[in-house]
Amino acid sequence: MVSLQPPSRRGRTSIKHDAILHELGLEIVSGELATGTVLTLAGLEERFATSRTVMREVVRVLESMGLVVSRRRVGITVQPPRNWSVLDPTVIGWRLEEEASRTSQLVSLHELRRGVEPQAARLAARYASAEQCGRLLDLAVGMRERGRDGGGASDEFLRADIEFHNIVMSCGRNEMFAALGAIIGAVLDGRTRWELQPDYPDATAMDTHVRLAEAIGSGDEDAAEECAVLLVDIAVNELVEAERELRGPGRRWHNPPVQSR
């Protein structure tokens with residue numbers, strides 16, 4: 001049964017906390033609040049019409065991400081990008097909301113993937129269970145079918161893609177690689193959310209997902225690594241092309257691929 005009661009005070013406070021955190025985070029990563037800007041708790045309380053308790057918690061979270069440093073008698077100082085926790089999925093999300101740098105941010109994240117995911121794929125080919133191998137193949141085949149039907153930018157495709165890559169990153173018995181799965185998920189989510197994912201994904205990429213699943217299932221470490229490298233390279237090329245199409249006339253990349261005669 002759906003409750004008709006209004007949100008509790010704690011619930012309302014949490015919503016307000018999240019909204020303030022999101023707004024300040026965006027202002028910092030976009031440069032609207034420039035490096036070296038000094039804020040005060042009193043000023044932030046007044047601006048957002050909220051309690052000191054809420055603002056202290058917001059500042060604590062921002063500080064944990066390296067976006068600000070809070071010192072007594074100094075205030076809350078905005079930090080330079082080199083101090084940010086750039087691999088924090090929340091920070092990634094905020095940076096992707098900044099349109100001017102969105103594609104370059106996604107390309108940088110894909111370059112990180114290129115250095116990590118191929119090695120994770122090798123380990124997956126070595127250690128993945130039969131259940132994990134079966135799930136990878138099911139996801140890959142499903143994505144290929146959905147992509148052929150023009151569903152490459154759908155939520156269903158995104159969920160399958162995130163699950164596929166999370167399995168690749170996590171089934172190789174390396175907790176470091178597994179922890180990076182959230183970053184790849186943020187990349188995939190951002191690509192779809194900001195309309196940089198085509199409705200009709202590259203056919204080679206879809207086939208390569210299937211080949212990667214098959215390589216992991218057969219224990220072929222070299223083939224798994226090669227497939228993972230190819231997937232990242234194709235993703236970068238798709239991003240650049242999508243950005244070009246978004247800035248140019250029309251949205252041709254949303255149209256069905258032309259079949260050769």
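This chain uses plain numbering: 1 for the first residue, then up along the sequence.
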Quiz item: Is the shortest distance from a Lys or Arg side-chain nitrogen in E226 or R211 to a carboxylate oxygen in the other one below 4.0 Å?
Solution: no
Quiz item: Which heavy-atom pair separates A121 from I216 by the least distance, and what is that distance?
Solution: O-CG1, 4.2 Å
Exercise. Would you kindly confirm whether V187 and M143 end up in one hydrophobic cluster when ILVMFWY residues are joined by side chain heavy atoms under 4.5 Å apart?
Key: no
Practice problem: Starting from V229, walk the hydrophobic network (Ile, Leu, Val, Met, Phe, Trp, Tyr; side-chain heavy atoms closer than 4.5 Å) and list everyone else you reach, by chain and number. | Solution: none
Quiz item: Below 4.5 Å, heavy atoms only, C-beta onward: do T40 and I76 meet side chain to side chain?
Solution: no
Quiz prompt | Shortest non-hydrogen separation from A223 to A215 and the atoms involved | solution = CB-CB, 3.8 Å
Quiz item: Looking at R113 and P118, what are the two nearest heavy atoms and their distance?
Solution: O-CD, 3.3 Å
Quiz item: Under 3.5 Å, side chain of R102 to main-chain N/O of E97, donor-acceptor pair present?
Solution: yes
Quiz item: Other than V74, what residues sit in its cluster of Ile, Leu, Val, Met, Phe, Trp and Tyr side chains whose heavy atoms are under 4.5 Å apart, directly or through others?
Solution: none
Quiz prompt | Gap separating the NE2 atom of H209 from the CG atom of L231, nearest 0.5 angstrom | solution = 5.0 Å
Quiz item: CD/E32 to CD/E27 distance, rounded to the nearest 0.5 angstrom?
Solution: 4.5 Å
Quiz item: Say you draw a straight line from CG of D161 to CZ of R191; how long is it, rounded to the nearest 0.5 Å?
Solution: 6.0 Å
Practice problem: Determine, step by step, whether Q79 and T35 satisfy the side-chain contact (heavy atoms from CB on, under 4.5 Å) criterion, reporting the C-alpha distance in whole Å, the side-chain angles of both residues, the deciding distance to 0.1 Å, and the verdict. | Solution: CA-CA 5 Å; Q79 295 299 289; T35 297; over 6 Å; no
Quiz item: Nearest heavy-atom pair of M176 and N174: which atoms, and what distance?
Solution: N-OD1, 2.9 Å
Quiz item: Can you check whether W94 reaches H22 side chain to side chain, under 4.5 Å on heavy atoms?
Solution: yes
Self-check item: Residue pair V86 / I92: nearest heavy atoms and the distance that separates them
Solution: O-CG1, 3.3 Å
Quiz prompt | side-chain contact (heavy atoms from CB on, under 4.5 Å) between L44 and L24, worked out | solution = CA-CA 10 Å; L44 291 171; L24 284 175; 4.2 Å; yes
Quiz item: Heavy atoms, side chains only, cut-off 4.5 Å: are H165 and E117 in contact?
Solution: yes
Quiz item: Under 4.5 Å between side-chain heavy atoms, hopping through other hydrophobics if needed: is there a path connecting L136 to V232?
Solution: no
Quiz item: Partners of T53 by side-chain contact (heavy atoms from CB on, under 4.5 Å), sequence neighbours excluded?
Solution: S51
Quiz item: Heavy-atom distance under 4.5 Å between the side chains of E98 and V29, does that happen here?
Solution: no
Exercise. Output all residues satisfying side chain to side chain donor-acceptor pair (under 3.5 Å) with R60, sequence neighbours left out; order by chain, then residue number.
Key: E57
Quiz prompt | Exercise: identify the closest heavy-atom pair between F157 and G151 | solution = CB-O, 3.3 Å
Self-check item: I167 side chain near L139 side chain, heavy-atom distance below 4.5 Å
Solution: yes
Quiz item: Is there a side-chain contact between L188 and T192, using heavy atoms and a 4.5 Å cut-off?
Solution: no
Practice problem: Only counting residues at least two apart or in another chain, list the ones meeting side chain to side chain donor-acceptor pair (under 3.5 Å) with D149. | Solution: none
Quiz prompt | E23 CD: over 12 foreign heavy atoms closer than 6.0 Å | solution = yes
Exercise. Supply the atom-to-atom distance R95 CZ to L109 CG, rounded to the nearest 0.5 angstrom.
Key: 8.0 Å
Quiz item: For L123 and R173, what are the C-alpha separation, side-chain angles and deciding distance, and is it a side-chain contact (heavy atoms from CB on, under 4.5 Å)?
Solution: CA-CA 8 Å; L123 292 177; R173 302 182 185 178; over 6 Å; no
Practice problem: Would you give the length of the straight line joining atom CD of E225 to atom CG of L230, rounded to the nearest 0.5 angstrom? | Solution: 12.5 Å
Quiz item: Apart from V38 itself, which Ile, Leu, Val, Met, Phe, Trp or Tyr residues share its cluster (side-chain heavy atoms under 4.5 Å, direct or through members)?
Solution: none
Practice problem: Determine whether I234 and V107 fall in the same hydrophobic cluster, where Ile, Leu, Val, Met, Phe, Trp and Tyr are linked whenever their side-chain heavy atoms lie under 4.5 Å apart. | Solution: no
Practice problem: Group every Ile, Leu, Val, Met, Phe, Trp and Tyr by side-chain heavy-atom contacts under 4.5 Å, then state whether M65 and L33 land in the same group. | Solution: yes
Exercise. Would you check if R193 and L158 make a side-chain contact, meaning some heavy-atom pair closer than 4.5 Å?
Key: no
Quiz prompt | Rounded distance [0.5 Å steps], CD in Q132 versus SG in C171 | solution = 4.5 Å
Quiz item: M169 and L180: side-chain contact (heavy atoms from CB on, under 4.5 Å), yes or no, with the steps?
Solution: CA-CA 7 Å; M169 295 297 294; L180 291 174; 3.9 Å; yes
Quiz item: V61, V69: one ILVMFWY side-chain cluster at the under-4.5 Å cut-off?
Solution: no
Quiz item: Taking C-beta and beyond as the side chain, do F164 and L212 meet within less than 4.5 Å on heavy atoms?
Solution: yes
